[in-house]
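Chain letters run A, B, ... following the sequence lines, proteins first, then strands; residues in each count from 1.
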Amino acid sequence: MAQQKIYFFGRLAEQLGRSREVEMVEEPITIRDLRVALAAQAVDFADALVDPRVRACVDGVIVTDDALVRAGQEIAFIPPLSGG
Amino acid sequence: MAQQKIYFFGRLAEQLGRSREVEMVEEPITIRDLRVALAAQAVDFADALVDPRVRACVDGVIVTDDALVRAGQEIAFIPPLSGG
Amino acid sequence: MAITIRLEPENLQPDAELRAFITSLNGDGAVVSFTGLMRPTSKEGEALTGLFLDHYPGMTERSISDIATDAAAKFAVEDILIIHRCGLVLPGAAIVFVATSSPHRRAAFEAADYLMDRLKSDAGFWKREDTATGSHWIEPTAQDAKDKERWSNIHAGN
Amino acid sequence: MAITIRLEPENLQPDAELRAFITSLNGDGAVVSFTGLMRPTSKEGEALTGLFLDHYPGMTERSISDIATDAAAKFAVEDILIIHRCGLVLPGAAIVFVATSSPHRRAAFEAADYLMDRLKSDAGFWKREDTATGSHWIEPTAQDAKDKERWSNIHAGN
């Protein structure tokens with residue numbers, strides 16, 4: 001089972017820290033399933049992960065919940081952008 | 001008969017110099033009559049004075065040919081403005 | 001044609017940036033700049049002690065670069081410079097500096113205006129307003145979305 | 001609200017002017033600047049050695065001041081700065097620098113755009129283009145008149 005770093009930005013980074021090490025229980029996995037798996041592992045960021053306004057980024061690109069992700073890719077969860 | 005300085009700008013200043021001393025044969029006088037009087041006194045700027053695109057300024061304000069001017073006011077003839 | 005993008009973590013000096021931009025030009029006649037300064041109060045009128053801009057390295061630069069590329073495609077501009085602060089900005093300090101150049105001024109004005117509307121809604125930042133009594137994270141406003149929409153129906157063929 | 005107008009006979013430095021303008025602001029968030037640089041060729045493509053701007057002291061300043069006052073009445077801007085070269089300008093040097101500030105960027109952009117359109121057609125200058133083989137005086141173009149007209153039907157009620 002691979003260790004995986006998950007990054008957070010904005011409000012989420014303030015609440016949860018800049019990143020967390022989690023277990024990738026299976027892979028490839030959809031973002032939708034990853035949210036559920038991570039929420040079970042890390043109770044304190046369950047709220048963030050189930051909020052549909054919080055979106056996932058894979059390798060720096062915002063993706064939908066259907067996107068597949070593998071261990072070793074850069075994974076982040078981000079709140080709505082504020083703009084510049 | 002009063003001495004009067006007439007100023008020129010742009011192309012006219014290049015052709016005629018920055019200013020000329022002339023005689024105010026009568027006053028007040030309309031710009032229209034002043035053009036004729038000055039053209040008779042100063043042959044080299046007759047062409048400039050009869051050109052309708054060359055306009056008169058009195059005390060720094062562009063005026064029509066009907067405007068009356070007196071000796072002692074600041075009088076200038078200007079070619080069309082180039083803008084900034 | 002040159003596009004330059006920079007995230008500035010420390011101190012953004014609009015005058016030095018304008019000088020460097022003008023010095024780098026190659027015969028263009030028109031330069032438009034926009035400087036966005038941190039206002040000392042929030043939209044609600046609270047006094048602000050700071051504005052924190054969080055960013056996602058790589059993703060944020062790409063979001064700005066995409067905006068600049070879109071502007072270059074839409075308008076007949078020669079050079080585009082975008083410098084955006086990240087980190088903590090203090091009241092009165094510059095948050096963003098944008099400069100555009102073109103042979104004629106219309107394109108330079110339009111491109112700078114467009115860049116700002118896009119940056120305001122699409123740049124990859126998370127902003128937190130700090131007051132003496134607390135802080136809160138802010139989201140794009142309806143006005144930002146409306147400003148961006150100004151550009152959706154024009155220049156469509158360009 | 002402050003309007004500042006200056007004729008500059010020697011050397012116009014956009015960066016220093018932008019710095020001074022920003023330093024003088026009182027909490028405004030948006031600053032737009034326009035810098036007009038002398039292009040090295042005429043509209044007809046001849047290489048230029050210089051551009052001479054003749055002016056009528058007093059009248060020229062008043063023409064610029066009137067334009068600034070009109071802009072202040074039309075747009076919700078706070079401060080307006082216009083610095084215009086007079087005398088001999090060399091290729092690549094700045095001819096005009098305009099800066100506007102306002103709480104929100106739309107007014108600052110519109111006012112700067114308006115000021116330039118008006119200055120181009122209504123500022124009290126006579127311009128002579130110098131080439132290696134001679135020089136000629138230039139008159140406002142049809143494009144300048146058209147640019148100025150852009151503003152005649154909008155903001156009529158403001």
Side-chain angles (χ1 to χ4, degrees), chain B residues 3-22 24 29-32 34-35 38 42 44-84, chain D residues 5 7-8 12 34-36 38 42-43 51-68 82-86 89 94-98 115-130 134-148:
Chain B
Q3 281 287 110
Q4 173 71 38
K5 205 174 228 178
I6 307 275
Y7 293 91
F8 303 103
F9 294 96
R11 173 175 53 76
L12 292 183
E14 194 170 73
Q15 292 164 359
L16 306 170
R18 181 57 80 197
S19 67
R20 286 289 181 88
E21 290 284 342
V22 298
M24 286 291 262
I29 186 172
T30 64
I31 294 296
R32 184 175 297 104
L34 181 65
R35 287 182 194 250
L38 295 181
D44 67 335
F45 60 97
D47 283 354
L49 293 173
V50 299
D51 182 348
R53 286 162 46 86
V54 168
R55 304 182 65 184
C57 292
V58 175
D59 293 336
V61 175
I62 295 176
V63 297
T64 67
D65 273 17
D66 297 324
L68 281 170
V69 62
R70 290 179 178 280
Q73 289 191 291
E74 185 176 284
I75 305 175
F77 284 97
I78 61 170
L81 290 166
S82 309
Chain D
I5 300 296
L7 282 183
E8 174 56 62
L12 169 45
F34 178 86
T35 305
M38 191 197 146
S42 70
K43 284 203 169 62
L51 177 71
F52 179 73
L53 291 102
D54 196 21
H55 77 286
Y56 181 172
M59 183 201 168
T60 302
E61 290 89 333
R62 194 160 46 244
S63 72
I64 297 174
S65 176
D66 286 350
I67 292 168
I82 302 175
I83 303 174
H84 210 295
R85 274 298 309 276
C86 56
V89 182
I95 301 171
V96 61
F97 180 81
V98 161
L115 285 169
M116 283 311 307
D117 281 351
R118 287 288 310 277
L119 286 168
K120 274 286 169 187
S121 60
D122 297 340
F125 292 99
W126 296 271
K127 294 191 291 194
R128 189 190 68 213
E129 289 183 339
D130 298 340
S135 63
H136 70 280
W137 293 88
I138 54 184
E139 298 188 5
T141 65
Q143 184 62 48
D144 290 335
K146 217 174 115 196
D147 286 341
K148 178 184 157 190

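Checking D:M116, D:K120, D:R85, D:E8 one by one against D:V96, the side-chain contact (heavy atoms from CB on, under 4.5 Å) holds for a single residue, D:M116.
Using cut-offs of 30° and 60° on the angle between ring planes, the pair B:F8 and B:F77 is parallel.
The candidate from B:V61, B:I78, B:I62 with the greatest count of non-hydrogen atom pairs under 4.5 Å with chain D is B:I78.
Rounded to the nearest 0.5 angstrom, D:K127 NZ and D:I138 CD1 are separated by 4.5 Å.
When heavy atoms are compared at a cutoff of 4.5 Å, D:L53 does not approach chain B at all. The part of D:W137 that comes within reach of chain B is its side chain, from C-beta onward, which places non-hydrogen atoms under 4.5 angstrom from that chain. When heavy atoms are compared at a cutoff of 4.5 Å, D:H136 does not approach chain B at all.
Judged by distance alone, with hydrogens and angles left aside, the side-chain atoms of B:D59 form a donor-acceptor pair with the main-chain N or O of B:E74 at under 3.5 Å.
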